[in-house]
Colleague: 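Below you will find the structure I want to go over with you.
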Amino acid sequence: MKAIHIFIDVPIDFNFWRTVYSHGWCSLRPFSVDKENRMLNRLLHLENDSLAFCQITAHNNSQLKINIQSKFPVNGTMQKQIRAKISTMLRLDEDFAEFHRESRRYPRYRWISSMKVGRMLRAPSVFEDIIKMICTTNCSWSLTEIMTNNLIDEFGKSFENSKQTFPSAEALAGTTEQFLRKSIKTGYRSPFILEFATNVANGKLNIEQWRNSPLATEVLYKELLNIKGVGMYAAGNILKLLGRYDFLGLDSWVRGQYYNLYHNGRVVSDKTIERLYKPFGRWRGLFFWLEMTKHWFKKEIPF
DNA sequence: GCGTCCAGGTCTACC
DNA sequence: GGTAGACCTGGACGC
């Protein structure tokens, strides 16, 4: 086993630990968190089919330190890929200056720029983000974890000590609906997952370019709704992981947070919620999510 | 131990 | 365009 470490520069408005804990993704494999050492772990699948296990920590205010383990010597090409994947996961290349400027205009949101938050952790691939989002629909978080674990255990590439990658579209496209239902426990989502993976694997859907797409957000939203198993909740939240924050992505959990925060637990319509955040324009989905999870920011380890 | 309900929704048929 | 009903699963809850 070869081991080296590299450093990656981060933007001045970046907060490593708050990005890790920006939502539940950090607790879904192949991500894992070493809470004691404030470390995010992730096994990466590189282009030459090699695997690299990365342990990411904040080195100081301006850098990340990445400990890399691989079966092969980690050459310059591999390092370049690792840097690119970590940058995309932690949104290092995304410009949040305008969002933070906007947050400073409102006293109730000034904490956002002072805590340097807003970046939401995402997977190295759009494919992984979408499959996981489908697995969050209409079920408890524990079932989402079961489905994700089963997908990785059955279709991921093995590294060592039970570490595995998230499966590729090709790997999932080669399975059957029956196997997904019986062994992966994806239930009625199974035909949706199979169809989506097949369309990605055969090139019918070029989802990986969506992170840098020139398409208008509304157009991307409709593209997402065309994927079976992706409805308004999933599409709104996938968009956030594509860098578009125009939709709230309402689900029963955030609705509950909103009812408690603004209406003493009384249920109100989705239109009422949307009306409150409309003035925040293209950043409304991010203001909404950060406000609903504000209590997380009072704890070093939120969950 | 067993039945019921519901959870970080979506699809389809029908009106 | 709006809405009712079906859909997998696992865990919490009441009995």
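In the text below, chain A, chain B and the rest are named by the order of the sequence lines, each starting its count at 1.
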Colleague: Hey, are A/E218 and A/K222 close enough for a salt bridge, meaning a charged N less than 4.0 Å from a carboxylate O?
Modeller: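 No, A/E218 and A/K222 are not salt-bridged.
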Colleague: Just how far, in rounded Å, is P of B/dG9 from CZ of A/R255?
Modeller: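 Rounded to the whole Å, the gap is 8 Å.
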Colleague: Could you give the CD-to-P distance, from A/Q178 to C/dC8, as a whole number of Å?
Modeller: 13 Å
Colleague: Less than 4.0 Å between a side-chain N and a carboxylate O, is that true for A/E128 and A/K132?
Modeller: yes
Colleague: Checking side chain to side chain contact (heavy atoms under 4.5 Å, CB included) for the pair A/S113/A/E102: CA distance, chi angles, key distance, verdict?
Modeller: CA-CA 9 Å; A/S113 62; A/E102 191 68 9; over 6 Å; no
Colleague: Please confirm whether the shortest side-chain N or O distance from A/K182 to OP1 or OP2 of C/dC8 is below 4.0 Å.
Modeller: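 No, because none of the side-chain N or O atoms of A/K182 sits under 4.0 Å from OP1 or OP2 of C/dC8.
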Colleague: Using a cut-off of strictly less than 4.0 Å, decide whether A/S252 has a side-chain nitrogen or oxygen near OP1 or OP2 of B/dG9.
Modeller: yes
Colleague: Relative to the 5' end of DNA chain B, which residue comes earlier, A/L143 or A/M232, by the nucleotide with the nearest heavy atom?
Modeller: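 The residue mapped nearer the 5' terminus is A/L143.
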Colleague: Could one point to a donor on the side chain of A/R181 or the base of C/dC8 with an acceptor on the other under 3.5 Å away?
Modeller: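 There is none.
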Colleague: Between the side chains of A/K294 and A/E291, is the shortest nitrogen-to-carboxylate-oxygen separation below 4.0 Å, so that they form an ion pair?
Modeller: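 Answer for the salt bridge query: no.
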Colleague: For nucleotides C/dC13 and B/dG8, find the distance between their P atoms and express it as a whole number of Å.
Modeller: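 Pairwise P distance, C/dC13 against B/dG8, rounds to 13 Å.
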Colleague: From the options B/dG8, C/dC8, B/dC11, select the nucleotide whose nearest atom is closest to the side chain of A/F192.
Modeller: B/dC11
Colleague: Would you mind classifying the nucleic acid contact of A/I184 as base, sugar-phosphate or nothing, using non-hydrogen atoms under 4.0 angstrom?
Modeller: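 Here A/I184 touches no strand at all.
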Colleague: In whole angstrom, give the distance that lies between atom NZ of A/K240 and atom P of B/dG8.
Modeller: 16 Å
Colleague: Is there aromatic stacking of A/Y233 on B/dG9 here, judged by a ring-centre distance under 5.5 Å and a plane angle under 30°?
Modeller: no
Colleague: Quick one, A/W17 with A/E300, criterion side chain to side chain contact (heavy atoms under 4.5 Å, CB included). Give me CA distance, side-chain angles, the key distance, then yes/no.
Modeller: CA-CA 8 Å; A/W17 197 240; A/E300 187 66 12; 3.6 Å; yes
Colleague: Would one find more than 12 heavy atoms of other residues, nucleotides or ligands at under 6.0 Å from atom CG of A/N37?
Modeller: yes
Colleague: Calculate the interatomic distance between A/W25 atom CH2 and B/dG8 atom C1'; express it in whole Å.
Modeller: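 Taking CH2 of A/W25 and C1' of B/dG8, I get 10 Å after rounding.
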Colleague: Taking the P atom of each, how far is B/dA13 from C/dC8, in whole Å?
Modeller: 15 Å
Colleague: Can you list every stem that DNA chain C is part of, counting only runs of 3 or more consecutive Watson-Crick or G-U wobble pairs with both distances under 3.5 Å?
Modeller: B:1-7 with C:9-15, B:9-15 with C:1-7
Colleague: Without decimals, in angstroms, what is the distance between A/L248 CG and B/dG9 P?
Modeller: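 Whole-Å distance recorded here is 15 Å.
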Colleague: A/Y188 has an atom OH; how far is it from atom P of C/dT9, in whole Å?
Modeller: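 Value for this atom pair: 11 Å.
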Colleague: Measure NZ/A/K185 against C1'/C/dG11 and give the value in whole Å, please.
Modeller: 15 Å
Colleague: Take A/Q81 and A/T77 through the test side chain to side chain contact (heavy atoms under 4.5 Å, CB included) and record every step on the way to the result.
Modeller: CA-CA 6 Å; A/Q81 287 177 41; A/T77 308; 3.8 Å; yes
Colleague: Contact class for A/T137 vs. all strands (heavy atom < 4.0 Å): base, sugar-phosphate, or nothing?
Modeller: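 Sugar-phosphate only.
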Colleague: Tell me whether A/R211 is salt-bridged to A/E94, with the criterion being a basic N under 4.0 Å from an acidic carboxylate O.
Modeller: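 Salt bridge flag = no for A/E94 with A/R211.
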Colleague: What is the separation between atom CE on A/M147 and atom P on C/dG10, rounded to the nearest whole Å?
Modeller: 10 Å
